[in-house]
Amino acid sequence: MKKQEVEAVIAILVALLVAAAVAWAGSQGGVSIAGVPLFTLAAVVAFAIQWAVFVPSYRRQTEHWYDLTGSLTYLSMVIGTLLLVGRFDLRSLVIVGLVTVWAARLGSFLYRRVQKAGSDSRFDEIKPCFVSFLMAWTLQGLWVFLTLAAALAAMTASTAPPLGVIGVIGILVWMIGFAIEAIADAQKQRFRKDPANKGRFIHSGLWAWSRHPNYFGEITLWFGMALIALPALSGWQHVTLISPLFVYVLIVFISGIPMLESRADERWGDDPTYRDYKERTPVLFPRPPQA
């Protein structure tokens, strides 16, 4: 077995172990059906959907369904959990509504982008390798489950306390994060559609405040979701508050910013304008443009 395949197997095992640990913690004190905790069932569904779509994707050597599958998994998990719990309290309805709006917008945006581009370069090297490609889909299952963990734990908790002040603050934080992410994506999309900007990098609008404002919005909205869930959590369920931290670590240190920064340096590293932009503009947390 090649080194790449060994690393992929290890990554898959680690992902499953982490998911199992969080599933156990989030299930404590939660609702069960036929003796099976709904929180744990949600974790199983997150991975099962990825693996089911992985099979035809590997056979056709395509990543076109990857982002869309992730978004549909979010929707399936929150809506399915709401129906299985059968408790339509305000917090659960808010969670389902917010996740639905977010997943529909981001999923359709990413799907249109990969369809227009024809491919996603992230998968060029791993698609031919069964284990490596499976790793990508497995990690998406972990991503969906962990980012939703706090929300799912709140929905499956044995009690449903009022939304409260913390919950309302969480909604406001979520809305701010969602607005920043959506506006940043729209600005970049318009920038790329202009033929005059071909081969150039965006440094206007929110992108003058941060080199990755869309990622800042993403992290912010999941932090808001954790605040919405917080009042409903108890005991070991507080472990699920790892959700926004996981999103932050994933974006800042693993698959988001490092990859994009490296590509930008390769493409525009010799451009004085880009070097000046990089020096003046923070990587993630927005700051007013400096003269």
Side-chain angles (χ1 to χ4, degrees), residues 67 70 98-99 101-103 105-107 109-110 113-114 117 120-122 139-140 142-144 146-150 166 169-194 196-228 230 241-291:
D67 292 317
L98 296 182
V99 171
V101 170
W102 171 83
R105 188 207 74 84
L106 186 61
F109 172 78
L110 294 175
R113 187 175 70 179
V114 74
D120 188 331
S121 58
R122 294 176 301 171
L139 291 180
Q140 177 160 259
L142 179 67
W143 169 58
V144 173
L146 287 190
T147 51
L148 271 182
I166 294 179
I169 293 174
I171 293 174
L172 294 175
V173 171
W174 187 95
M175 292 175 67
I176 291 171
F178 179 80
I180 292 173
E181 181 179 54
I183 292 171
D185 283 340
Q187 289 177 340
K188 193 169 188 177
Q189 191 173 38
R190 286 197 299 269
F191 179 84
R192 287 180 169 175
K193 283 183 177 180
D194 187 345
N197 294 324
K198 185 176 182 180
R200 300 173 59 192
F201 64 93
I202 183 172
H203 53 96
S204 57
L206 291 178
W207 300 84
W209 291 61
S210 167
R211 300 208 297 272
H212 303 280
N214 53 338
Y215 284 156
F216 175 77
E218 177 83 352
I219 294 169
T220 300
L221 70 86
W222 285 113
F223 180 74
M225 184 64 72
L227 290 177
I228 295 171
L230 179 59
L241 292 174
I242 191 177
S243 294
L245 178 61
F246 170 76
V247 174
Y248 176 83
V249 171
L250 185 68
I251 287 176
V252 175
F253 299 108
I254 302 176
S255 66
I257 290 176
M259 185 182 299
L260 293 181
E261 286 285 302
S262 177
R263 289 179 183 173
D265 289 343
E266 290 178 4
R267 190 170 186 180
W268 298 295
D270 295 329
D271 184 341
T273 304
Y274 171 75
R275 292 201 299 268
D276 180 62
Y277 168 71
K278 189 172 181 180
E279 183 178 339
R280 292 184 295 104
T281 311
V283 176
L284 181 65
F285 294 96
R287 183 183 64 201
Q290 296 180 341

Asker: Starting at CG of L98, measure out to CD1 of I171 and round the result to the nearest 0.5 Å.
Answerer: 6.5 Å
Asker: Compare all side-chain heavy atoms of R200 with those of T273 and state whether any distance is below 4.5 angstrom.
Answerer: no
Asker: Which word best sums up how the rings of Y277 and Y274 line up, parallel for under 30°, tilted for 30 to 60°, or perpendicular for over 60°?
Answerer: tilted
Asker: Go through the steps to decide whether F285 and I219 satisfy the test side chain to side chain contact (heavy atoms under 4.5 Å, CB included), and finish with yes or no.
Answerer: CA-CA 10 Å; F285 294 96; I219 294 169; over 6 Å; no
Asker: With sequence neighbours excluded, tell me which residues meet salt bridge (Lys or Arg N to Asp or Glu O under 4.0 Å) with R190.
Answerer: none
Asker: T147 vs L250, test: side chain to side chain contact (heavy atoms under 4.5 Å, CB included). Steps then yes/no.
Answerer: CA-CA 10 Å; T147 51; L250 185 68; over 6 Å; no
Asker: Taking side-chain contact (heavy atoms from CB on, under 4.5 Å) as the definition, give me every residue that meets it alongside F223, ordered by chain and number, with sequence neighbours left out.
Answerer: V173, L227, P244
Asker: Among D265, V283, D271, which residue meets the side-chain contact (heavy atoms from CB on, under 4.5 Å) test with K278?
Answerer: D265
Asker: Report yes if some heavy atom in the side chain of T281 is under 4.5 Å from a heavy atom in the side chain of H203; otherwise report no.
Answerer: no
Asker: Considering non-hydrogen atoms only, spot the tightest contact between A208 and P289 and give its length.
Answerer: O-CG, 3.7 Å
Asker: Check the orientation of W222 and W102. Use parallel for under 30°, tilted for 30 to 60°, and perpendicular for over 60°.
Answerer: perpendicular
Asker: Sequence neighbours excluded, which residues qualify as ring pair (Phe, Tyr, Trp, His ring centres under 6.0 Å) partners of W207?
Answerer: none
Asker: Would you call the rings of F178 and W174 parallel, tilted or perpendicular, taking 30° and 60° as the class edges?
Answerer: parallel
Asker: In the structure I gave you, are the side-chain heavy atoms of L284 and P282 within less than 4.5 Å of one another anywhere?
Answerer: no
Asker: Short question: side chain of R275, backbone of G269 - any donor-acceptor pair under 3.5 Å?
Answerer: yes
Asker: Between the main-chain N or O of L146 and the side-chain N or O of S243, is there a donor-acceptor pair closer than 3.5 Å?
Answerer: yes
Asker: With a 4.5 Å heavy-atom cut-off, do R211 and L260 have their side chains touching?
Answerer: no
Asker: State, yes or no, whether a side-chain contact exists between R192 and K188 at a heavy-atom distance under 4.5 Å.
Answerer: yes
Asker: Over all heavy atoms of both residues, which pair between I180 and P213 is shortest? Give the atoms and the distance, please.
Answerer: CG2-O, 3.3 Å
Asker: Under a 4.5 Å cut-off applied to non-hydrogen side-chain atoms, are F253 and Y248 in contact?
Answerer: yes
Asker: CG of D270: more than 12 outside heavy atoms within 6.0 angstrom?
Answerer: no
Asker: Run the side chain to side chain contact (heavy atoms under 4.5 Å, CB included) test on V99 and M225 for me, step by step, so that the C-alpha distance in whole Å, both residues' side-chain angles and the decisive distance to 0.1 Å come before the verdict.
Answerer: CA-CA 9 Å; V99 171; M225 184 64 72; 3.7 Å; yes
Asker: Check the pair D185 / R105 against side chain to side chain contact (heavy atoms under 4.5 Å, CB included), numbers first and verdict last.
Answerer: CA-CA 10 Å; D185 283 340; R105 188 207 74 84; 2.8 Å; yes
Asker: Does some side-chain heavy atom of L206 sit less than 4.5 Å from a side-chain heavy atom of F216?
Answerer: no
